[in-house]
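See structure below.
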Amino acid sequence: MLLRKALLILGAGLLLRSRPWPLYSEQAARPQPRPAGVQFNRVAESGITFRHENGASADKHMFETFGSGVGVIDFDNDGLPDLFFANGADLAHGKPSPGNALYRNLGNGKFEDVTAKAGVAGNGMFATGVTVGDYDNDGYLDIYVTGYGCNQLFRNNGDETFSEVTAKAGVGGSAWSSSAAWVDYDRDGYLDLFVGRYVDSDLRKPPYCGYQKPGYRMYCEPQLFDGTAALLYHNNRDGTFTEVSRKAGVANAAGKSLGVAIGDIDGDGWPDIFVANDGVRNFLYRNKGNGTFDDIAYSAGVGFDMNGKALAGMGTEIVDLDGDGLPDIFFTAFSDQYNPIFRNLGKLLFEDATVKAGLPSSVKTLGFGAKVFDFDNDGYPDIWVTNGHVIDNVKLYDQQLSYRQADLLYRNLGGGRFRNVSAESGPAFRIQHVGRGLAVADFDNDGDLDVVVTDSGGSPLLLRNDGRNRNHWIALRARGRESNRFGIGAKVRVTSGGRTQLREVNPYGSYLSTSDVRLYFGLGNATVARIEIEWPSGKKQAIDSVRAGQILLLDEADAKR
């Protein structure tokens, strides 16, 4: 049934390009030639003063090189995406974390530190991952933070403050947690929680790796440590959770999880889970629709690389990369490996299409965070990879490698082909850093997606999309009724210019991070689009002749069976 009922969630002023953010002097010092296309520039004087504590020590504990993530969260529902940064700690010297940080978006290129007022600094633990979701369906996004030894849940009180409710909710976890994601795996309208966990590493007994001479000690490989099973928490719909990992079939103790992505790989309406593991095969948990999962990584062909070897999987995404309506899998890996694309062939089968897609079969960079998004709004999703090595003295062992590295941007050419456009896409790709977490959001509500990247032991990069492109766009925010409040897991099809794009409302993936919960589509030259949404509840709705350049609110109350 065609519905024309859609609400703008932002005033008309927010739909226009806002005042440009100030840029660092390295770009403004002298006149620059007019760029041919989209340019990403680092934002100056944003008010974000956060600096990550990695706790680097002579003992070379594994968690010191882990980095931490960033969460995009509009915590006050003002239509402007805010930022939450997880922070590490100096555990080797017994010093607690300086604290997580929450920055409120003021809407003019500036952010305000509201950590103390909001009450989200944390308990001093070594925090790693951030996942954002409304677990109690009250209309306000909550924050779950993973870490070394324990995790924390912060409930949004709806008054710009949070309450720490970990013990009450029963989601404290244990061991060393990495990426996590909210997922309504049983489609009961409440978000459940999947938590990946890394290796079994004892702070008191760090092994020695590297040459036995001064300056050559290095961080060890994960092969020296046992794996740890992931956790799955079922939402009891009363503010508490029950841990059901083993019962659900996702408690594989061999796991060394770094990246977690959610998506319906077979189109049966039930969300599936992909886990990128470090040095052991990946997991692909297919949702059976009865509260349990089967790991089909072997039969689906996504457990190993094209040579039958396990990669050091880091960040990951589940997105339709070639426009055939089937969600594909992308993840990042170690230096001298490659960042694979597994193309979905249907019938629960994938092929390694990395080389066919134009991506290299070997890279010197070490990828962590990864996001698939349409940076130039041409209607084809592109790939951003943030890089940084895990061994700070790696040049002593290989002169071709470096600890600090630049990011990569691959533009989608259509037909499942990509081209590296990093060199032509602005100063952001000349910045050397120790990239870890990566998230995207339209921070200035101008219709093109901006990027935030965390730096292990350093300051995050806020990178503005200086579009200079004339392509059109449309963005959506979902309000669930029978489904979870923010419509996580809803499938959206946008048809414009003779093409249909399929995406899911799903801000998770990448590495330790959460992106904007709003869903953006590039429309190219098209100025109108048809929008169809299928909610997790099974309800559907459609809107015809939607004009471009809007951020729309789609309400499940308007949907029909």
Where the side chain of [X] meets the backbone of [Y], is there a donor-acceptor pair that is under 3.5 Å apart?
X      : Y      : value
Asp272 : Asn287 : yes
Thr292 : Ala248 : no
Thr454 : Gly69  : no
Asn41  : Arg464 : no
Ser510 : Ala439 : no
Thr514 : Val130 : yes
Asn277 : Gly255 : no
Thr332 : Gly367 : yes

Parallel, tilted or perpendicular for [X] and [Y], by the 30°/60° rule?
X      : Y      : answer
Tyr135 : Trp182 : parallel
Tyr185 : His234 : perpendicular
Trp176 : Phe63  : perpendicular
Tyr397 : Tyr211 : tilted
Phe342 : Phe331 : parallel
Phe375 : Phe373 : perpendicular

Would you call Asp455-Arg436 a salt bridge at under 4.0 Å N-O?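 Here Asp455 does not pair with Arg436 in a salt bridge, since their nearest N and O are not under 4.0 Å apart.
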Do NZ/NE/NH1/NH2 and the carboxylate oxygens of Arg281 and Asp295 come within less than 4.0 Å? yes
Over all atoms of both residues, closest heavy-atom pair of Asn387 and Leu408: ND2-CG, 3.7 Å
Determine whether Glu504 and Ile262 satisfy the following criterion, side chain to side chain contact (heavy atoms under 4.5 Å, CB included), listing intermediate values before the conclusion. CA-CA 9 Å; Glu504 293 186 23; Ile262 309 295; 5.6 Å; no
Using side chain to side chain contact (heavy atoms under 4.5 Å, CB included), reason through His61 and Leu203 one step at a time and then give a plain yes or no. CA-CA 7 Å; His61 295 282; Leu203 178 64; 3.6 Å; yes
N/O donor-acceptor pairs under 3.5 Å from side chains in residues 82-101, not counting sequence neighbours:
residue	atom	partner	partner atom	Å
Asp82	OD1	Asn105	N	2.7
Asp82	OD2	Phe75	N	3.1
Asn87	OD1	Glu53	N	2.8
Asn87	ND2	Gly99	O	3.1
Asp90	OD1	His93	ND1	2.9
Asp90	OD2	His93	ND1	3.1
Ser97	OG	Gly88	O	2.7
Ser97	OG	Gly99	N	2.9
Asn100	OD1	Asn87	N	3.0
Asn100	ND2	Val120	O	3.3
Asn100	ND2	Ala121	O	3.2

Distance, nearest 0.5 Å, that separates [atom1] of [X] from [atom2] of [Y]:
X      : Y      : atom1 : atom2 : answer
Tyr208 : Asp59  : OH    : CG    : 11.0 Å
Asn252 : Thr228 : CG    : OG1   : 11.0 Å
Asn156 : Ile73  : CG    : CD1   : 6.0 Å
Asn282 : Leu258 : CG    : CG    : 10.0 Å

Exactly one candidate in Lys60, His389, Glu64 meets side-chain hydrogen bond (donor to acceptor under 3.5 Å, both in side chains) with Tyr219; the answer is Glu64
Identified side-chain hydrogen bond (donor to acceptor under 3.5 Å, both in side chains) counterpart of Glu424 within the set Arg411, Arg419, Gln39: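 Running side-chain hydrogen bond (donor to acceptor under 3.5 Å, both in side chains) over Arg411, Arg419, Gln39 with Glu424 returns exactly one hit, Arg419.
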Kindly write out the residues that satisfy ring pair (Phe, Tyr, Trp, His ring centres under 6.0 Å) with Phe330, not counting sequence neighbours, or none if the list is empty.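 Expected list: none.
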Applying the side-chain contact (heavy atoms from CB on, under 4.5 Å) test to Val244, which of Leu232, Asp192, Val250 qualifies?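 Result: among Leu232, Asp192, Val250, Leu232 is the only option passing the side-chain contact (heavy atoms from CB on, under 4.5 Å) with Val244.
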